[in-house]
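First the proteins, then the strands, lettered A, B, ... as listed; each starts at 1.
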Amino acid sequence: MVIDPPIRDKWYTKGENIYLSVPREFDFSHCLRFLNRSHLECLHSVQDQRWRKLLKLGDTMVLIQVEMSSGNLRILPLNTQLTSEEQTTLVSYVWEVFDLGRDLQPFYEHMEQDPILDSLCQAFYGLRLIGIPELFEALSWSIIGQQINLTFAYKLKQRLVRTVGEKFHFEGQDYFLFPSAGKVAEMSAGDFVNWQFSASKAQYLVGIAKAIHADSISKDSLLEMTDDESLATLLELKGIGPWSAHYVMMKCLRRTDAYPVEDVGLHNAIKVSFSNIVKPTKAELDAFGRRWHPWQAYATFYLWHSLLK
DNA sequence: ATCCAGGTTCGGG
DNA sequence: CCCGAACATGGA
């Protein structure tokens with residue numbers, strides 16, 4: 001894993017705890033609210049202002065608990081002691097999920113003149129674009145979420161994860177990892193039918209798993225590309241259209257200017273923000289995008305957040 | 001019952 | 001190039 005150099009002096013350990021300093025524009029509660037948006041989520045849990053997540057560092061399963069502790073993020077590995085190398089990897093992961101390397105000040109300044117976004121920026125001050133660091137997981141989730149309601153999407157993901165993903169049992173609870181690309185690459189599209197995946201979704205997932213497993217597409221190579229190049233590369237994958245490509249660029253490649261303009265949630269959020277009964281037109285959406293550039297991804301994410309109950 | 005869900009691909013005009 | 005259909009099911 002590539003370590004962002006600025007991280008190195010941002011954390012220290014005390015016993016088993018890791019303390020990670022956070023930027024000024026950071027609000028853990030807002031982030032948790034997004035992470036906790038579905039009770040059907042099977043890849044992490046939120047309870048009492050604490051986030052729990054299962055990870056695999058090398059061959060080691062690590063269940064972490066993340067919470068605020070006097071202004072820092074406290075990361076506690078619950079089930080095992082970590083080597084310092086594992087600690088470094090773990091910190092990078094958390095860093096990436098919460099986009100801690102991002103300076104949000106320019107984003108907030110940019111949105112000051114925007115009628116919708118300015119109020120959202122004030123309401124959700126410190127909310128970070130919650131990421132999905134694993135490329136295969138991000139691509140898969142975008143495919144699963146296509147064209148179906150989110151509740152059903154979570155159910156499909158749950159069936160895949162609980163059947164194919166690795167399980168770790170801790171204190172009476174089961175925690176799961178998203179299935180590896182290698183594992184899914186060995187499946188046939190038919191295996192998904194019992195889980196109510198459409199035949200095409202199943203095909204796309206297996207095809208993309210194979211592409212990743214064969215290393216014909218990788219996060220590292222995508223990260224080196226420009227926005228346009230990574231977009232074009234993602235679009236070559238069967239099952240990845242414009243919406244999914246931008247979704248993955250937002251959540252995994254961390255492109256602040258990705259813009260899933262076809263997104264229904266985005267349309268609804270804009271509609272609600274204007275107290276309208278009509279959804280925005282394509283031309284209006286493009287105009288919003290131009291206005292939000294180069295923060296289209298963050299604008300979209302804040303709008304998604306505004307839809308949470 | 002009908003319509004819309006975190007869309008994409010494919011075939012036809 | 002643009003447009004409708006199919007995908008599979010749940011919730012309002």
Side-chain angles (χ1 to χ4, degrees), chain A residues 33-44 120 127 129-132 134-161 178 188-211 217 231-255 258-273 276-283 285-286 288-289 292 296-309:
Chain A
R33 180 154 167 263
F34 184 84
L35 283 165
N36 200 27
R37 86 203 122 127
S38 172
H39 65 285
L40 295 170
E41 178 59 66
C42 56
L43 292 176
H44 61 248
L120 294 183
L127 171 67
L129 203 165
I130 302 298
I132 304 176
E134 285 294 319
L135 178 64
F136 181 54
E137 183 186 335
L139 284 164
S140 300
W141 184 225
S142 81
I143 285 167
I144 292 172
Q146 288 169 9
Q147 166 54 18
I148 56 179
N149 66 63
L150 222 38
T151 305
F152 185 42
Y154 275 110
K155 285 179 182 168
L156 294 183
K157 180 168 90 165
Q158 210 173 63
R159 287 171 196 148
L160 173 65
V161 167
F178 194 79
S188 68
D191 298 334
F192 290 80
V193 174
N194 338 339
W195 308 330
Q196 297 170 294
F197 281 63
S198 66
S200 22
K201 273 197 209 305
Q203 271 182 339
Y204 302 154
L205 287 172
V206 175
I208 287 170
K210 284 177 176 165
I217 185 166
L231 175 63
T233 304
L234 287 166
L235 287 175
E236 286 171 14
L237 294 169
K238 192 75 80 182
I240 300 299
W243 176 85
S244 301
H246 282 268
Y247 180 86
V248 170
M249 289 169 69
M250 275 177 78
K251 300 277 284 185
C252 186
L253 304 184
R254 295 259 166 234
R255 304 304 168 99
Y259 188 37
V261 70
E262 300 86 352
D263 186 84
V264 202
L266 172 71
H267 306 168
N268 282 331
I270 292 173
K271 184 180 91 170
V272 170
S273 296
N276 270 353
I277 40 172
V278 286
K279 289 191 176 186
T281 64
K282 175 78 176 98
L285 288 160
D286 290 342
F288 284 125
W292 295 332
Q296 296 177 94
Y298 255 93
T300 300
F301 191 75
Y302 271 56
L303 281 157
W304 283 348
H305 198 73
S306 74
L307 288 175
L308 296 185
K309 290 187 223 62

Do the rings of A/Phe301 and A/Phe34 sit parallel, tilted or perpendicular, given the 30° and 60° boundaries?
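Judged by the thresholds at 30° and 60°, the geometry between A/Phe301 and A/Phe34 is tilted.
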Do A/Asn149 and C/dG11 have a side chain to base donor-acceptor pair shorter than 3.5 Å?
no
So does A/Lys238 have more than 12 non-hydrogen atoms from other groups sitting under 6.0 Å from NZ?
no
Measuring from the side chain of [X] (C-beta onward, heavy atoms only), which nucleotide among [options] has the closest atom?
{"X": "A/Tyr204", "options": "B/dT9, B/dA5, C/dG11", "answer": "B/dT9"}
{"X": "A/Val264", "options": "C/dG11, B/dT9, B/dG7", "answer": "B/dG7"}
{"X": "A/Lys238", "options": "B/dT8, B/dC10, C/dT9", "answer": "B/dC10"}
{"X": "A/Ser200", "options": "C/dC7, C/dG10, B/dT8", "answer": "C/dC7"}

Closer than 4.0 Å, any side-chain N/O of [X] to the OP1 or OP2 of [N]?
{"X": "A/Gln196", "N": "C/dT9", "value": "yes"}
{"X": "A/Lys155", "N": "C/dG11", "value": "yes"}
{"X": "A/Ser244", "N": "B/dT8", "value": "yes"}

DNA chain C: 5'-proximal contact among A/Ser198 and A/Thr151 (nearest heavy atom)
A/Ser198
Can you list the steps and then say if A/Lys157 with A/Leu43 is a side chain to side chain contact (heavy atoms under 4.5 Å, CB included)?
CA-CA 9 Å; A/Lys157 180 168 90 165; A/Leu43 292 176; 3.7 Å; yes
A/His246 and A/Arg255: side chain donor to acceptor below 3.5 Å
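A/His246 vs A/Arg255: no donor-acceptor pair found between side chains.
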